[in-house]
Amino acid sequence: MKLAGSLIVVLFGLIVGCAILFPSPLIIKGFLILAIGIIFALQRQETFIYTAIFLAFFSIYLKYLATTSNAVIIGLIVLLFIKAVIEGRSVISKRAIYQNPAFVPLVLIFSVYFYSFLSVVFQGGPGYEYHYAMFLTIACVISLFFILVGFITNRARLFAVLKVLALLLVINLIYALVTLLNPAVGMYGRTLGFSTSGTVVAGQGLDEASRLGGLTFFWEAYAEFLMMTVIFLASILVNLDLLVKRRALLTVIFFISLAELFLTNTRGSVVLAACGILFVVIFVGQKSLKRRVPVIIALAITGVLLFSVLSITGQVRLKERFSDFSQWKQTQYGNLPQGRVDVWLPTLDYVTRRHFVGAGPSFYPLTAYPGGSGILSWPHNLVLIILATVGIPGIVCYMFLFVKFLLLQNRFHVLTDNNLRVVYGSLWAALLFFCIEQLKFDELLRAPTSYAYFIWVLFAIMFSVCNMQEINRDSK
């Protein structure tokens, strides 16, 4: 196991090193495929799954395979899983997958996308390659979801997966801090194909370019990533009794994440982060309010001071960005915020004309961007994206999954392990506010990027609470 871990670190270091010394996508992809091949050859299922989660954040398009590195990784995991099942040594529980409340909704979601993709194939609509890429991404993220739900069947595996996510968080935080000190470093992110942090690209104004992004997320997606991070960490700090060193470390990470969230200049994520922190302080955990008050006050005062300093120095300009949401405009669909009218109305008009089956898995061919054949812009609303691509059946299936997600609160509240109860409760709250944020942002279904995999990994961890409930029941 240690040998496998060492190989992963060395190979990842080679990938990053070659990206800096020899910024050739071909070399980067070559090392990535080499890393996948070596790990697969080791035949260690646990290592391969942890590595898949890690590399899912660094998805690279493989032109000659007409797919992404994530699709290759997940395809290999499926093959490895089938081989392990045949040999009777699988680490993934089939029972945990079939009995999970997300199983039926996700099968229905896949079916809707499959039908939508077939309709594009047989009707010969424009943008086939984009529809194919998005359909393949949906198939891969659902497969990864089931793999993780079947894998996270005990506390040790849960915390191992969380450690992988913690490592990814630290990498993004450090990268973002470095780009603040040296914006040219952001070019390496573009070379790798991961982000546009700290750089000015075509069609992007200087105001947008100044917004902070991470290594694997551009600014708005990074803002949502940080929003969920600060909600989760605030809940852990307030609701759990931690060792002094661990509390100090998590506090530092919390405030760095909060500062970078402010620096993304993303209004919705900042507001929802504040609401989410208030939510977890009130509703998550069982510590008495008296014991939580000192930590709450300390976090609040420091957060306000941090925001004030960044605003005074001109690094944060959220006030100006709230101005267009303070004004509303009357339309045929009712009052809409001024800042979203221009992008919501065209998509609403399209949805009302083709509301049942949608236009195919990908929204991109409907846009006026290079490669698209339509006139729409990104609607900045996940509901509109779903309605435009997979129609009413698609939104019904997603709502079915969302209801199952809401009902998970009945699962983690009955756990006897306080640490597990707080971890799952904190993650549930973070994902709840992510879902609310999707009413003004749509990156999850825009393109086959790393962001889609990250969100589905979080949902898979959340739905694994059902496995912990089984352990909790068996221990009684």
Pairwise distance [atom1]([X]) to [atom2]([Y]) - rounded to 0.5 angstrom:
X: L165; Y: L427; atom1: CG; atom2: CG; value: 9.0 Å
X: Q438; Y: I455; atom1: CD; atom2: CD1; value: 7.0 Å
X: I385; Y: Y398; atom1: CD1; atom2: OH; value: 10.5 Å
X: F146; Y: F110; atom1: CZ; atom2: CZ; value: 10.0 Å
X: L237; Y: L250; atom1: CG; atom2: CG; value: 5.5 Å
X: M228; Y: F433; atom1: CE; atom2: CZ; value: 12.5 Å

Can you name the closest pair of heavy atoms from [X] and [Y] and give their distance?
X: E437; Y: S269; answer: OE2-OG, 3.4 Å
X: A96; Y: V149; answer: O-CG1, 3.7 Å
X: I231; Y: L272; answer: CD1-O, 3.9 Å
X: R247; Y: D241; answer: NH2-CA, 4.3 Å
X: I386; Y: G394; answer: CG2-C, 3.8 Å
X: K404; Y: P105; answer: CG-CG, 4.0 Å

With side-chain contact (heavy atoms from CB on, under 4.5 Å) as the test, would you mind laying out the steps for T137 and Y453 before giving the verdict? CA-CA 9 Å; T137 299; Y453 290 86; 4.1 Å; yes
Please tell me if the side chains of [X] and [Y] come closer than 4.5 Å, counting only heavy atoms from C-beta onward.
X: Y50; Y: K163; answer: no
X: W456; Y: L148; answer: no
X: W428; Y: M462; answer: yes
X: L169; Y: F225; answer: yes
X: I97; Y: I92; answer: yes
X: T229; Y: F254; answer: no
X: V141; Y: V457; answer: no
X: V465; Y: L420; answer: no

Could you give me the CA-CA distance, side-chain angles and deciding distance for D417 and Y424, then say whether side-chain contact (heavy atoms from CB on, under 4.5 Å) is met? CA-CA 11 Å; D417 187 320; Y424 278 113; over 6 Å; no
Where the side chain of [X] meets the backbone of [Y], is there a donor-acceptor pair that is under 3.5 Å apart?
X: N467; Y: I152; value: yes
X: N239; Y: V284; value: yes
X: S116; Y: V112; value: no
X: R421; Y: V414; value: no

Should L258 and L226 be marked as a side-chain contact (heavy atoms from CB on, under 4.5 Å) after you check the CA-CA gap, both sets of side-chain angles, and the distance that decides it? CA-CA 7 Å; L258 187 61; L226 294 174; over 6 Å; no
Suppose we screen for ring-ring contact (aromatic ring centres under 6.0 Å, His included). Which residues come up paired with F459, at least two apart in sequence or across chains?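 F405.
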Could you please spell out the steps behind the side-chain contact (heavy atoms from CB on, under 4.5 Å) verdict for V280 and V422? CA-CA 9 Å; V280 295; V422 170; over 6 Å; no
Do F103 and Y98 have ring centroids that are under 6.0 Å from one another? yes
Contacts of type side-chain hydrogen bond (donor to acceptor under 3.5 Å, both in side chains), residue S426, not counting sequence neighbours: S235
Results of side-chain contact (heavy atoms from CB on, under 4.5 Å) for V104 - residues two or more places apart only: L108, F400
Distance alone, cut at 3.5 Å: any donor-acceptor contact between the side chains of T389 and Y113? no
